[in-house]
Amino acid sequence: MANENNFSDIISHCKEYGYLFPSSEIYDGLSAVYDYGQNGAQLKKNIRDLWWKSMTQMHEDIVGIDAAIFMHPLTWKASGHVDNFSDPMIDNKDSKKRYRVDQLIEAHADKLASEGKKEESEELLKVMDGLIAKDDFAGLKQLILDNNIKCSVSGTAHWTDIRQFNLMFDTQLGSVSGEADKIYLRPETAQGIFVDFLNVQKTGRLKIPFGIAQTGKAFRNEIVARQFIFRMREFEQMEMEFFVRPGTELEWYERWKHERLEWHKALGIPAEKLRFHNHTKLAHYANAAVDIEFEFPFGFKELEGIHSRTDYDLKQHQTYSKKKIQYFDNESGPDGKPYGNYIPYVIETSVGLDRLVLAIISLSFTEEKWKREDGSDDGRVVLKIPPKIAPYKLAVLPLVKKDGLPEIARDLVKKCHQDFYAFYEEKDSIGKRYRRMDAIGTPFCVTVDHQTKEDQTVTIRDRDTMTQRRIHLDEVVPEVLKAIR
RNA sequence: GCGGAAGUAGCUCACCUGGUAGAGCGACAGCUUCCCAAGCUGUAGGUAGCGGGUUCGAGUCCCGUCUUCCGCUCCA
């Protein structure tokens, strides 16, 4: 059902019903940046809260922190983000092949050297180093043209301008530019956890194995950011780093892999929409990695990553900060002696909150059509969002807006506010109001009618089945609470 | 980045070969209505993405630019 739907219909629906708007729309928008509207923000918060609770409250051995987005610049030197992503690149317009500028020129220098033109080769490299040091991209391009360096695929020298694809956004710390130091907006929340490792471990007197969880915004200057909120330049992560004794990491890796998959199922995602995708090519810091993929309208794509990151990050921070980042393990090993000092290994679970929102919305979005009794067409668009994360849990509707029905409905809404979000609406026909609630995904509608005045009962309508039952006014709150637990 | 398509009211779209912008739905106010939108009345809402050019006159023709979508490319 949901996967037959056109992705653009989902995007339109999100905008029309207050879930997601293009950022800065009145100024023509900002590419790959989106704002969460009143309903989207609530849905997102509900998912985030559920994750936080399941990670921290329900795991005695995991604590949560909230590290700053700004971090000392050396953090990103240590993590590898500065060096791995600052190379100037150039594209050949004919072959569409992208080259790192330094590698392209060096290859040419090697060729010159092999042809016996040693001096020319050395001169070229010297000039290149000078230009790179000055970030003189125009000069570098000219150097490529002057030397008639060609693309090995197309054989042409038809080059684009040189661009630097920085993964990280930077800004200045301090209000006086010039004196200011360049700092970065974090490209992942994980480093905040690693940098605070000792603070948390010591103040919490935490014993390995234990985890540190965190949710928060991260920023990546993607070259191409597409597919709605799937790949955005500003996005929110929910990450948990689980620190373990070296040698046990693969056991924990398996355990978290399955625990996380079960979590997504418990959230309401059907098993057939989820799958594991093992990484065959591992990043330099990992010794095992898997993605949990979800079947989006545009195919199976990564929702969450689970990585065994070894002791790479803590070791790097130990090197760059020159502070010992170790854990003293007092437990006895097989030889009867304590395990002693070591740098813990880490299993990371990292899920994209925005991707999870998109997964839930695309899963929930359903267009239904049927015939009325008189043969005419009827239908509805409904967001079948799992009740526990739906923005509004209940709508309370007086059947007509007279005869004292609105007053009874108002009283009921007031009673609900303590426990969950409830929506009051008296405008338009009852059917129209049901449709509106379907469209924003409200799981229950209670209607106050004339019978309510006689016996204190109301009808409660189920969003997904459109069936109704009569229950007592006093049962409304407990009924809804039961369904959203 | 390359190729293709599109930008007119909140949404979907119309205005054919240039003559000062229109519909349906939606929204709002009121009426009606005893359970699944598209009954009635009224109201609001657009300098036609933006900039420039041609013209007596441009939503309509031309150029540029921005944005979005689709495909390719890229994505530690």
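Each chain gets a letter, A, B and so on, in the order the sequences are listed, and its residues count up from 1. Values reported hereafter were calculated over all heavy atoms of this structure, with side chains retained and with hydrogens, waters and symmetry mates removed.
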Legend entry - Nearest non-hydrogen partners of A/I183 and A/P73, listed with the distance: CG2-CG, 3.9 Å
Legend entry - B/C13 and B/G30, which share atom name P, separated by this distance in whole Å: 33 Å
Inset, instruction - Please confirm whether A/R355 makes a cation-pi placement over A/F294, using NZ or CZ under 6.0 Å from the six-membered ring centre and within 45° of the ring normal. - result: no
Inset, instruction - Can you tell me, in whole Å, how much space there is between the P of B/C25 and that of B/G71? - result: 34 Å
Legend entry - Sequence neighbours excluded, every pair satisfying salt bridge (charged side-chain N to carboxylate O under 4.0 Å, His left out) that has a member inside residues 386-402 of chain A: none
Inset, instruction - State whether the distance check finds a donor on one side and an acceptor on the other, under 3.5 Å, for side chain A/D449 versus base B/C34. - result: no
Inset, instruction - Please check the phosphate of B/A27 (OP1 and OP2 only) for any side-chain N or O of A/R436 closer than 4.0 Å. - result: yes
Legend entry - Polar side-chain contact A/R231-B/C75 base: donor and acceptor under 3.5 Å: yes
Legend entry - Euclidean distance for P, B/A48 against B/G59 (whole angstrom): 7 Å
Legend entry - Separation between the C1' atoms of B/A21 and B/G46, rounded to whole Å: 8 Å
Legend entry - Rounded distance (nearest 0.5 Å) linking atom NE2 of A/H277 with atom CD of A/E293: 5.5 Å
Inset, instruction - Measure the distance from CD on A/E425 to C1' on B/A29 and round it to the nearest whole Å. - result: 14 Å
Inset, instruction - To the nearest Å, give me how far apart CD (A/E426) and P (B/C28) are. - result: 12 Å
Inset, instruction - Send over the distance from A/L399 CG to B/U32 P, rounded to a whole Å. - result: 15 Å
Using distance only, find each side-chain donor-acceptor pair of residues 296-308 of chain A under 3.5 Å and give its atom names and separation, not counting sequence neighbours.
| residue | atom | partner | partner atom | Å |
| --- | --- | --- | --- | --- |
| A/E304 | OE1 | A/R260 | NE | 3.2 |
| A/E304 | OE1 | A/R260 | NH2 | 3.1 |
| A/E304 | OE1 | A/H264 | NE2 | 2.8 |
| A/E304 | OE2 | A/R260 | NE | 2.8 |
| A/S308 | OG | A/N287 | OD1 | 2.5 |

Legend entry - Separation between the P atoms of B/C70 and B/A29, rounded to whole Å: 37 Å
Legend entry - C1' atoms of B/G39 and B/A5, separation to the nearest Å: 41 Å
Inset, instruction - Select base, sugar-phosphate, or nothing to describe what A/K402 touches, counting heavy atoms under 4.0 Å on all strands. - result: sugar-phosphate
Inset, instruction - Between B/G18 and B/C61, how far apart are the C1' atoms? Round to whole Å, please. - result: 8 Å
Legend entry - A/D35 CG to A/S24 OG distance, which is reported to the nearest 0.5 Å: 6.5 Å
Legend entry - RNA chain B stem ranges, 3 or more consecutive Watson-Crick or G-U pairs under 3.5 angstrom: B:1-7 with B:66-72, B:10-13 with B:22-25, B:27-31 with B:39-43, B:49-53 with B:61-65
Legend entry - d(CH2, A/W370; P, B/A37) in whole Å: 7 Å
Inset, instruction - Report yes or no: is the cationic atom of A/R410 (NZ for Lys, CZ for Arg) under 6.0 Å from the centre of the six-membered ring of A/Y424, at an angle within 45° of the ring normal? - result: yes
Inset, instruction - May I ask you to decide if the ring planes of A/Y392 and A/Y421 are parallel, tilted or perpendicular, using 30° and 60° as cut-offs? - result: perpendicular
Expected rows: protein N/O vs nucleotides 38-48 of chain B N/O, under 3.5 Å:
| residue | atom | partner | partner atom | Å |
| --- | --- | --- | --- | --- |
| B/A38 | N7 | A/R372 | NH2 | 3.2 |

Legend entry - Sugar-phosphate only, base, or nothing, as touched by A/Y34 at under 4.0 Å among non-hydrogen atoms: sugar-phosphate
Legend entry - Given RNA chain B, 5'-ward residue of the pair A/T467 and A/K427, judged by closest heavy atom: A/K427
Inset, instruction - Could you walk me through whether A/K44 and A/D354 pass the salt bridge (Lys or Arg N to Asp or Glu O under 4.0 Å) test, one step at a time? - result: CA-CA 8 Å; A/K44 184 179 178 187; A/D354 310 276; 3.7 Å; yes
Inset, instruction - Kindly point out which of B/A37, B/C34, B/A29 is positioned nearest to the side chain of A/R435? - result: B/A37
Legend entry - Any pair counted as salt bridge (charged side-chain N to carboxylate O under 4.0 Å, His left out), so long as it reaches residues 420-429 of chain A, sequence neighbours left out: A/E425-A/R436, A/D428-A/R436
Inset, instruction - Classify the side chain of A/R461 versus the base of B/C35 as yes if they form a donor-acceptor pair under 3.5 Å and no if they do not. - result: no
Inset, instruction - Using a strict cut-off of less than 4.0 Å between a Lys/Arg side-chain nitrogen and an Asp/Glu carboxylate oxygen, indicate whether A/R463 and A/D438 qualify as a salt bridge. - result: no
Inset, instruction - Could you tell me whether the side chain of A/M55 reaches within less than 4.5 Å of the side chain of A/M238, counting heavy atoms only? - result: no
Inset, instruction - Send over the distance from A/E368 CD to B/A37 C1', rounded to a whole Å. - result: 14 Å
Inset, instruction - Using a strict cut-off of less than 4.0 Å between a Lys/Arg side-chain nitrogen and an Asp/Glu carboxylate oxygen, indicate whether A/D474 and A/K415 qualify as a salt bridge. - result: yes
Inset, instruction - Give, for atom CD of A/E188 and atom CD of A/Q214, the distance between the pair rounded to the nearest 0.5 Å. - result: 10.5 Å
Inset, instruction - Remember a base hit wins even if backbone is also touched, and classify A/Q451 as base, sugar-phosphate or nothing at under 4.0 Å, heavy atoms. - result: nothing
Legend entry - Interatomic distance where CZ belongs to A/R220 and P belongs to B/A76 [whole Å]: 9 Å
Inset, instruction - Determine the Euclidean distance between corresponding P atoms of B/C69 and B/C62; express it in Å to zero decimal places. - result: 26 Å
Legend entry - Length of the line joining A/N39:CG and B/G10:C1', which is rounded to integer Å: 15 Å
Between the protein and nucleotides 11-14 of chain B, are there any N/O to N/O pairs under 3.5 Å, and if so, what are the atom names and distances?
| residue | atom | partner | partner atom | Å |
| --- | --- | --- | --- | --- |
| B/C11 | OP1 | A/K15 | NZ | 2.7 |

Legend entry - Comparing A/E188 and A/D462 on RNA chain B - which has the more 5′ nearest nucleotide: A/D462
Legend entry - Whole angstrom value for the distance that separates C1' of B/C75 from CE of A/M232: 16 Å
